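In what follows, a single structure is set out as structure tokens and then discussed.
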Amino acid sequence: MQPIYPDHPRDFLDTQDWSRPALDALLARAAAFKRERLGDALRGKTIALVFFNPSLRTRTSFEVGAFQLGGHAVVLAPGKDAWPIAFDYGMVMDGDAEEHIVEVARVLSRYVDLIGVRAFPKFQDWSVDRQDVVLRGFAKHATVPVINLETIVHPCQELAHLLALCERFGDTHAADPVQALRGKKYVLTWTYHPKPLNTAVANSALTIATRYGMDVTLLCPTPEYLLDERYVQRARDNVAAHGGSLSISHDPQQAYAGADIVYAKSWGAIPYFGRWEQEKPNRDAHRHFIVDEAKMALTNGGVFSHCLPLRRNVKATDGVMDSPACIAIEEAGNRLHVQKAVMEALVRRGIENRE
Ligand code: CP
């Protein structure tokens with residue numbers, strides 16, 4: 001019997017574009033794929049994985065996932081093993097780029113059934129980065145579904161995180177496995193890192209935790225580290241629509257108190273984009289935001305997770321990473337299963353639309 005997916009967009013760019021029933025269906029299928037890894041949902045199908053930035057988990061899990069479902073993945077790194085690409089319109093292409101996104105997306109669409117894109121911000125001007133032009137360019141010009149492999153949000157990570165939380169707090173066989181997450185105290189904490197990092201996973205964590213009715217605290221050193229207002233407002237809208245709550249804290253003791261879930265990520269302060277030398281003293285002054293045993297002891301026996309990669313004893317201590325509370329490896333493992341569900345859903349929609 002073919003799996004049923006509620007109606008959903010052609011692309012998987014941002015979980016906020018997908019309805020709750022459609023996301024719930026992805027989680028249910030991911031849990032099924034975790035029990036039975038092999039299938040033929042992608043038999044004869046191909047996916048191009050376009051990486052503008054490095055990856056361990058995303059690349060491996062998509063390649064393996066496509067293989068396990070009978071499909072094939074082609075990995076491309078523009079500017080390295082593929083031609084550099086231009087994304088501006090009406091430009092005179094006399095710089096480094098050898099071809100334009102219009103041709104790249106159209107040509108790839110003739111070869112493959114799905115396109116995945118990873119394109120991090122350039123970290124110079126957030127007003128430019130927040131337009132997500134690389135991903136949007138692929139989505140605009142491709143004639144096959146496009147999957148966000150992390151740009152300014154990381155929707156595949158969100159699903160893997162959510163599945164790991166369901167597994168820890170609920171029952172993935174239950175009719176509504178995410179019900180157990182409702183009302184949990186969820187702390188999204190900034191952590192120190194020597195470099196300014198992408199806000200994508202933090203934007204995503206805020207999105208998905210509020211979408212699923214949790215009581216969310218965004219913990220960051222100062223107001224300068226607040227996430228883009230687009231995602232803070234989205235979180236407020238999610239609270240209004242789905243229940244739960246959103247609060248902002250700059251006090252680790254208060255934020256960790258009674259937490260059920262601690263999710264950590266480091267990110268660069270948006271007002272300092274392009275002026276990172278000026279941000280660095282501020283960031284360096286908050287090394288104590290590291291997730292350690294003393295902070296976790298304040299929680300309600302809470303779990304800890306992180307998207308990985310993680311610098312040990314910078315973002316979180318060895319003691320936290322090696323504790324039973326840490327579900328980061330389960331979350332990373334779940335990337336394989338949730339992405340198989342995403343690929344299956346997108347390919348099936350294409351088939352159903354032709355039928
Ligand atoms: N979490 C994550 O996306 O890992 P990679 O950067 O290794 O793909």
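These figures come from a predicted structure and were not determined experimentally. If you read the sequence from its start, that first residue is 1, and numbering goes on from there.
In the hydrophobic cluster analysis, where Ile, Leu, Val, Met, Phe, Trp and Tyr join through side-chain heavy atoms closer than 4.5 angstrom, Val338 is grouped together with Leu69. With hydrophobic clusters built from ILVMFWY side chains whose heavy atoms lie under 4.5 angstrom apart, Ile327 does not share a cluster with Leu336. Hydrophobic cluster membership is shared by Leu218 and Leu181, with clusters built from Ile, Leu, Val, Met, Phe, Trp and Tyr side chains linked at under 4.5 angstrom. Phe169 and Met214 end up in the same hydrophobic cluster when Ile, Leu, Val, Met, Phe, Trp and Tyr side chains are linked at under 4.5 Å. Phe67 and Leu346 are not part of a single hydrophobic cluster, where members link through side-chain heavy atoms under 4.5 Å apart.
Rounded to the nearest 0.5 angstrom, Thr191 OG1 and Arg311 CZ are separated by 11.0 Å. Note that CD1 of Ile290 is 7.0 Å distant from NZ of Lys295, once rounded to the nearest 0.5 Å. Rounding to the nearest 0.5 angstrom, the gap separating the OG atom in Ser245 from the CZ atom in Arg236 is 12.5 Å. To the nearest 0.5 angstrom, Lys280 atom NZ is 13.5 Å from Tyr272 atom OH. A distance of 10.0 Å separates OG1 of Thr151 from CG of Asp129, quoted to the nearest 0.5 Å. Separating the CG atom in Leu42 from the CZ atom in Arg348 is a distance of 11.5 Å, to the nearest 0.5 Å.
There is a side-chain donor-acceptor pair under 3.5 Å between Ser247 and Thr217.
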Salt bridge (Lys or Arg N to Asp or Glu O under 4.0 Å) evaluation trace for Asp260 with Arg168: CA-CA 11 Å; Asp260 298 297; Arg168 186 57 77 107; over 6 Å; no
side-chain hydrogen bond (donor to acceptor under 3.5 Å, both in side chains) assessment of Asn148 paired with Asp14: CA-CA 7 Å; Asn148 185 346; Asp14 189 328; over 6 Å; no
- request: Let me see the working for Glu98 and Met93 under side chain to side chain contact (heavy atoms under 4.5 Å, CB included), right down to the final yes or no.
  value: CA-CA 8 Å; Glu98 290 294 343; Met93 288 178 55; over 6 Å; no
- prompt: After noting the C-alpha distance and the side-chain angles of Glu167 and Lys34, does the key distance pass the salt bridge (Lys or Arg N to Asp or Glu O under 4.0 Å) rule?
  reply: CA-CA 11 Å; Glu167 289 166 337; Lys34 194 163 184 171; 2.8 Å; yes
field: Stepwise side chain to side chain contact (heavy atoms under 4.5 Å, CB included) test for Ser305 and Ile261
entry: CA-CA 8 Å; Ser305 198; Ile261 299 150; over 6 Å; no
message: Would Asp237 and Arg234 count as a salt bridge (Lys or Arg N to Asp or Glu O under 4.0 Å) here? Give the steps.
response: CA-CA 5 Å; Asp237 293 344; Arg234 166 188 285 186; over 6 Å; no
query: Can you list the steps and then say if Glu150 with Gln157 is a side chain to side chain contact (heavy atoms under 4.5 Å, CB included)?
result: CA-CA 8 Å; Glu150 188 178 353; Gln157 192 74 46; over 6 Å; no
- request: Could you please spell out the steps behind the side chain to side chain contact (heavy atoms under 4.5 Å, CB included) verdict for Asp81 and Val75?
  value: CA-CA 9 Å; Asp81 58 19; Val75 178; 5.7 Å; no
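Phe273 places none of its side-chain heavy atoms less than 4.5 Å from the side chain of Ser127. The side-chain heavy atoms of Val50 and Pro78, taken from C-beta on, include a pair separated by under 4.5 Å. Residues Pro194 and Val314 have side chains in contact (heavy-atom distance under 4.5 Å, counting atoms from C-beta outward). You'll find the side chain of Arg349 reaches within 4.5 Å of the side chain of His8, heavy atoms only. Inter-residue side-chain proximity for Glu331 and His306 is flagged as unmet; no heavy-atom pair is nearer than 4.5 Å. You'll find the side chain of Leu23 reaches within 4.5 Å of the side chain of Tyr212, heavy atoms only. A 4.5 Å side-chain heavy-atom check between Lys184 and Leu165 finds every atom pair outside the cut-off. Taking 4.5 Å as the limit, some side-chain heavy atom of Leu246 sits within range of a side-chain heavy atom of Val216.
The aromatic rings of Trp190 and His286 sit perpendicular to each other, their planes meeting at more than 60°, with 30° as the lower class boundary. In this structure, Tyr186 and Tyr263 have tilted ring planes: the angle between them lies in the 30° to 60° band.
Side-chain atoms of Lys185 come within 3.5 Å of backbone atoms of Ala255 as a donor-acceptor pair (strictly under, hydrogens ignored). The main-chain N or O of Ile152 is never found under 3.5 Å from a side-chain atom of Arg130 such that the two would form a donor-acceptor pair. Side-chain N or O atoms of Lys265 include none that pairs as donor or acceptor with a backbone N or O of Thr199 at under 3.5 Å. A donor-acceptor contact shorter than 3.5 Å links the side chain of Asn238 to the backbone of Thr207. Between the His154 side chain and the Ala202 main chain, no donor and acceptor come within less than 3.5 Å of each other. Of the possible donor and acceptor atoms, none in the side chain of Glu36 sits under 3.5 Å from a partner among the backbone N and O of Ala32. For the pair Arg118 (side chain) and Leu149 (backbone), a donor-acceptor distance under 3.5 Å is present. Distance alone, capped at 3.5 Å, places no donor-acceptor pair between the Asn198 side chain and the Phe120 backbone. Although no hydrogens or angles enter the test, the distance criterion places no donor-acceptor pair under 3.5 Å between the side chain of Thr299 and the main chain of Tyr256. Checked by atom type and distance alone, the side chain of Asp292 never pairs as donor or acceptor with a backbone atom of Val320 at under 3.5 Å.
Arg110 is linked by a side chain to side chain contact (heavy atoms under 4.5 Å, CB included) to nothing, counting only residues two or more places apart in sequence or in another chain. Looking at residues two or more places apart in sequence or on another chain, you find a side chain to side chain contact (heavy atoms under 4.5 Å, CB included) between Gln179 and Asp176, Arg182.
Here the closest heavy-atom approach between residue Phe87 and residue Val134 is recorded as CZ-CG1, 3.6 Å. For the pair Pro145 and Arg10, the tightest heavy-atom approach, listed with the atom from each and the gap, is CB-O, 3.1 Å. Of all non-hydrogen atoms in Gly319 and Glu293, the two that sit nearest each other are CA-OE2, 3.2 Å. Here the shortest heavy-atom pairing between His250 and Leu219 reads C-CD1, 3.9 Å. Taking every heavy atom of both residues into account, Ile115 and Leu108 meet most closely at CD1-CB, 3.9 Å. Closest approach of Ala41 and Glu344 over heavy atoms only: CB-OE2, 3.6 Å.
By the 6.0 Å contact criterion, CZ on Arg59 is open, its count of non-hydrogen atoms from other residues, nucleotides or ligands being 12 or less. Counting heavy-atom neighbours within 6.0 Å of Glu229 CD, excluding the residue itself, gives a total above 12.
Within the cation-pi definition used here (under 6.0 Å to the ring centroid, within 45° of the axis), Arg29 qualifies as a partner of Phe33. Judged by the 6.0 Å distance and 45° axis criteria, Lys140 is positioned over the aromatic ring of Tyr89. Geometrically, Arg283 does not engage Phe289 in a cation-pi contact, judged by NZ or CZ lying under 6.0 Å from the ring centre and within 45° of the ring axis.
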